[in-house]
Amino acid sequence: MKQRKKHISTPRPRDQMRNPLIADGFLGNNCKKGNHGYDVDNEDVQGLFPRYSEWIVFVVTLVLRCNYVSQKDNWWVLHPDEIFQAMEVAYSELQGYGFRPYEFLPPASGPNVTSARMQERMLGMYAMRSFIYPRILTGVGYIALLLGYNSSLFVLWRIFHASITSCLPLSVYVFCKVVTGNHDLSMISCILVASSTHLWVFGTHTLLNSFFSPFVFLVIGYLIKFITAFSVENNINGNVQEMRNGIQHINNNNNDYNIHTMNNCNGIHRCNKQVDTSNYESVQIGRSESRVCHVFVLGYFSGLFVYIRPDLLSLLICVLLPYMPRVLTHLKAMLSSIRIYICISGCVTGILTGVLEDFLSYGSFVVTPYQWISFNVFNGYAKRMFGTMPALFYLQIFFGNNILLFLSVSILIVTIYTFNRTSAIHDFLRKTSLTFICMFLMYSLQGHKEARFLHDAIVLFYICCGLLLYILVQHLSSVVSIFSSKRLSQQVYLCFLLFCFISSQYQSVPNSTDNSVKDWTYEGKTDSHDVNVCLDFIGQQSDVTGVFMDRDIHMTGGYTVLRQNVPWFSLINTEFREFSKESRLAVWSFYGNREISITSQISNYVHIQNTPFLLKCLIRQKEYNYLVMKITRQFITRGYVEVFRYGTMHVLKRSFDSQEESYLEKVEKSITDNRNTTILKYEGQWLMSYGSYNLAENKFIKSAEINSDLQVYQFLVELYRRKGEPVKARDAFTACKQKFVEADCLKNARKITLFEHERISLK
């Protein structure tokens with residue numbers, strides 16, 4: 001009897017044994033181009049980039065960025081939010097003092113709340129941001145202090161942030177690799193993201209958008225894989241069922257010979273008479289069990305990130321929108337799988353984590369995403385407060401840069417030209433381009449626009465550019481092969497294109513020494529790095545009792561750079577505000593009670609047109625012994641000595657010499673009070689709004705002595721009412737009735753506005 005030939009099975013590669021979704025025995029040819037949708041790497045085919053190239057890009061990016069942020073010339077501030085919504089909040093939590101914006105303040109309550117804070121509460125300007133990002137910085141700083149770190153937390157946190165954002169190229173590589181399975185394409189996108197000037201600038205400044213972006217693209221990549229896995233699993237189950245039917249038919253006929261099955265048998269062309277199908281069931285069950293934790297974590301961070309950054313919801317919708325037809329096709333399979341419910345439960349858990357953090361941080365039940373959406377979207381206060389830009393504002397970013405313009409046009413041409421092609425790479429290009437366009441249009445429709453808002457959209461743009469270069473190199477090597485080896489020709493083409501791109505981006509990196517940062521910074525200010533270096537110098541001194549600065553405090557590193565628990569007198573917009581220790585707001589924290597400085601509760605307010613009175617305050621209040629001023633600023637030549645100079649700024653220190661002090665006293669006495677009643681009433685109304693009632697009273701009384709008009713009496717009546725002094729309020733009202741109509745005296749005083757930005761109406 002003729003013996004049956006024994007079949008020797010070929011062992012599967014290790015990665016296929018781990019992931020049955022890409023094993024040839026399950027998907028066969030369909031895995032390469034079909035149900036899964038994208039090419040899967042063939043380990044036998046050598047790619048254009050060596051193995052672990054993505055890690056080389058990550059290390060190079062990490063070293064360059066950390067070196068960049070540690071240099072003092074690069075301590076310039078891109079936007080106030082990188083300080084006052086990140087480092088300054090963390091510093092105030094860690095050290096017990098510092099500035100804090102209204103986004104991180106609890107709702108105003110209590111008997112001594114200023115009218116400015118009550119106005120903020122009425123407009124919903126409170127508890128608009130989650131403490132999670134500042135809490136991470138606080139944890140890093142706390143560990144560093146435990147380990148004996150005694151240098152600047154400003155530098156430490158910038159290095160930490162740059163280290164995290166340096167992972168974005170690596171994250172983009174994983175995103176593209178998970179979605180497409182193509183190593184070369186993923187590497188091209190990885191290099192483009194690492195070289196982008198925009199992403200370099202955003203990644204070297206402690207902005208919320210850039211910090212979470214590496215984690216967001218990891219989550220989105222695996223979300224796409226999670227969605228597409230259901231369609232693959234559906235095909236697997238269908239093929240296994242067909243195989244079972246064929247096996248059952250064979251067993252019923254008692255056929256002792258091997259038979260050839262259909263191609264739908266997923267690569268199994270010889271099926272024995274008795275086949276144990278339980279292996280397929282165990283693979284499916286084992287895979288589900290092993291991924292339960294992964295699916296939960298995926299859902300958890302999706303919910304948590306959306307809670308921290310509500311605008312990420314639009315990114316998730318735009319990215320997942322092209323995959324919705326596949327979701328609808330396999331909706332029944334998804335709803336019947338326990339994994340979808342595990343993912344949803346993880347998402348809910350992530351959101352609840354954010355809610356719990358808000359409750360512990362603010363001391364009351366608030367939902368920060370709702371507060372943020374209500375303020376910016378529902379009420380539209382952001383565009384009224386910070387300005388409305390033209391609809392084509394974001395287009396100027398691309399049309400103003402020749403490289404970005406060229407890449408944008410190229411992507412559009414290739415997308416249109418290859419619209420009917422069914423290649424997986426072209427399909428991914430169409431989907432990513434559609435996502436980018438949706439994001440771009442969505443942000444363009446918003447009234448208030450800033451370049452940093454486009455951070456994640458720019459990442460998607462460079463992923464499209466990576467697809468474009470990949471297609472271009474493939475096409476060039478097939479048309480013109482400059483070497484006998486097609487792979488070598490592709491590498492030469494690719495190296496040339498990447499070199500051109502990287503060199504163009506390197507040349508456009510902003511440098512504070514040549515004022516190229518003007519096109520990037522908030523309101524085009526270029527001296528923030530000089531101010532920060534001067535503040536860092538003051539922070540290293542041991543005799544600091546107070547600091548005065550003639551530059552806008554919003555464009556500095558705040559107390560994070562200063563590192564001195566002293567009062568601060570500084571310029572903000574068109575006025576000088578004094579932040580004394582007495583004006584600080586007490587708030588609760590994990591680390592105990594904190595005394596923080598806020599812009600809506602101050603000690604003094606001096607308009608820029610009343611600078612003689614400002615000099616009088618500085619001479620009288622001797623605690624302000626360090627002054628940071630522009631070198632070209634005209635100032636008294638005696639009583640203060642220059643102790644440090646950097647760039648356009650210098651530091652003056654009060655000498656406290658007896659002769660010099662006598663001179664300063666004479667100067668103070670020689671300064672006459674301002675006779676402009678408009679300025680006096682203007683300062684008085686803001687002092688009253690910010691809770692400095694005694695100084696406001698002095699301003700109004702001096703104005704009344706010069707010109708006792710109706711408005712000043714109205715201000716005095718309102719002031720005494722707020723102070724809780726009914727007798728003085730009645731006297732002021734009586735004096736008003738003697739000169740003006742009683743009905744007019746009962747009206748509120750008309751607000752004085754001297755600048756256009758003060759005419760903003762939020763009603």
Side-chain angles (χ1 to χ4, degrees), residues 61-101 103-104 129-168 199-215 308-309 357 361 452 455 512 521-522 528-529 531-540 553-565 589-591 594 596-597:
T61 306
L62 176 65
V63 172
L64 292 177
R65 290 191 179 184
C66 290
N67 177 66
Y68 179 85
V69 299
S70 61
Q71 295 178 8
K72 292 185 177 182
D73 285 342
N74 300 318
W75 285 10
W76 56 278
V77 178
L78 174 67
H79 192 278
D81 286 355
E82 71 175 277
I83 303 297
F84 293 91
Q85 290 192 19
M87 289 193 282
E88 195 68 3
V89 179
Y91 188 86
S92 64
E93 285 284 285
L94 195 61
Q95 300 292 350
Y97 64 93
F99 289 103
R100 193 169 295 186
E103 291 94 340
F104 287 89
R129 288 292 186 184
S130 171
F131 266 82
I132 292 179
Y133 176 44
R135 195 79 67 199
I136 294 173
L137 297 180
T138 303
V140 173
Y142 184 75
I143 294 173
L145 293 177
L146 287 179
L147 297 176
Y149 181 82
N150 57 4
S151 188
S152 174
L153 289 173
F154 177 79
V155 177
L156 174 68
W157 283 333
R158 281 170 61 90
I159 292 176
F160 171 72
H161 184 92
S163 301
I164 297 297
T165 58
S166 297
C167 297
L168 181 60
L199 298 179
W200 173 281
V201 172
F202 299 147
T204 52
H205 293 81
T206 52
L207 297 167
L208 182 67
N209 308 56
S210 59
F211 182 83
F212 283 105
S213 190
F215 308 105
I308 297 172
R309 277 188 57 196
E357 166 65 23
S361 299
R452 61 193 177 106
H455 183 280
S512 58
T521 58
Y522 182 73
S528 57
H529 67 289
V531 177
N532 283 332
V533 175
C534 290
L535 291 176
D536 181 69
F537 168 80
I538 297 175
Q540 300 175 36
I553 199 170
H554 287 141
M555 294 301 290
T556 70
Y559 280 104
T560 309
V561 176
L562 182 61
R563 293 175 286 160
Q564 297 278 0
N565 186 12
S589 170
F590 284 143
Y591 307 94
R594 293 297 186 249
I596 60 173
S597 300

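Throughout, numbering of the chain's residues begins at 1 and tracks the sequence.
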Taking every non-hydrogen atom, the tightest pair across Leu94 and Gly141:
CD2-C, 3.9 Å
Regarding Ser589 and Arg594, is there a side-chain donor-to-acceptor distance under 3.5 Å anywhere?
no
What pair of heavy atoms forms the shortest contact from Arg309 to Leu208, and how long is it?
CG-CD2, 3.5 Å
Give me each pair satisfying salt bridge (charged side-chain N to carboxylate O under 4.0 Å, His left out) with a member in residues 553-564, each pair once, sequence neighbours excluded.
Asp536-Arg563
Identify the two heavy atoms, one from Ala90 and one from Leu137, that lie closest to each other, and give their separation to 0.1 Å.
CB-CB, 3.7 Å
In the structure I gave you, are the side-chain heavy atoms of His205 and Arg158 within less than 4.5 Å of one another anywhere?
yes
Aromatic rings Tyr559 and Tyr97: how do their planes relate, parallel, tilted or perpendicular, breaks at 30° and 60°?
perpendicular
Check whether any side-chain heavy atom of Arg135 sits under 4.5 Å from a side-chain heavy atom of Ser361, and report yes or no.
yes
Sort and list the pairs that fulfil ring pair (Phe, Tyr, Trp, His ring centres under 6.0 Å) and have at least one residue in residues 136-158, not counting sequence neighbours.
Trp75-Phe154
Do the non-hydrogen side-chain atoms of Val77 and Asn532 ever get within less than 4.5 Å of each other?
yes
His455 side chain reached by Leu199 side chain, heavy atoms, under 4.5 Å:
yes
Is any side-chain heavy atom of Trp200 closer than 4.5 Å to a side-chain heavy atom of Leu64?
yes
Got His161 and Tyr133 here, is their nearest side-chain heavy-atom distance under 4.5 Å?
yes
Any Pro80 side-chain heavy atom under 4.5 Å of Tyr522 side chain
yes
Keeping the roles fixed (side chain from Gln71, backbone from Tyr68), state whether a donor-acceptor pair exists under 3.5 Å.
no
Would you indicate whether the side-chain heavy atoms of Val89 and Pro101 approach each other to under 4.5 Å?
yes
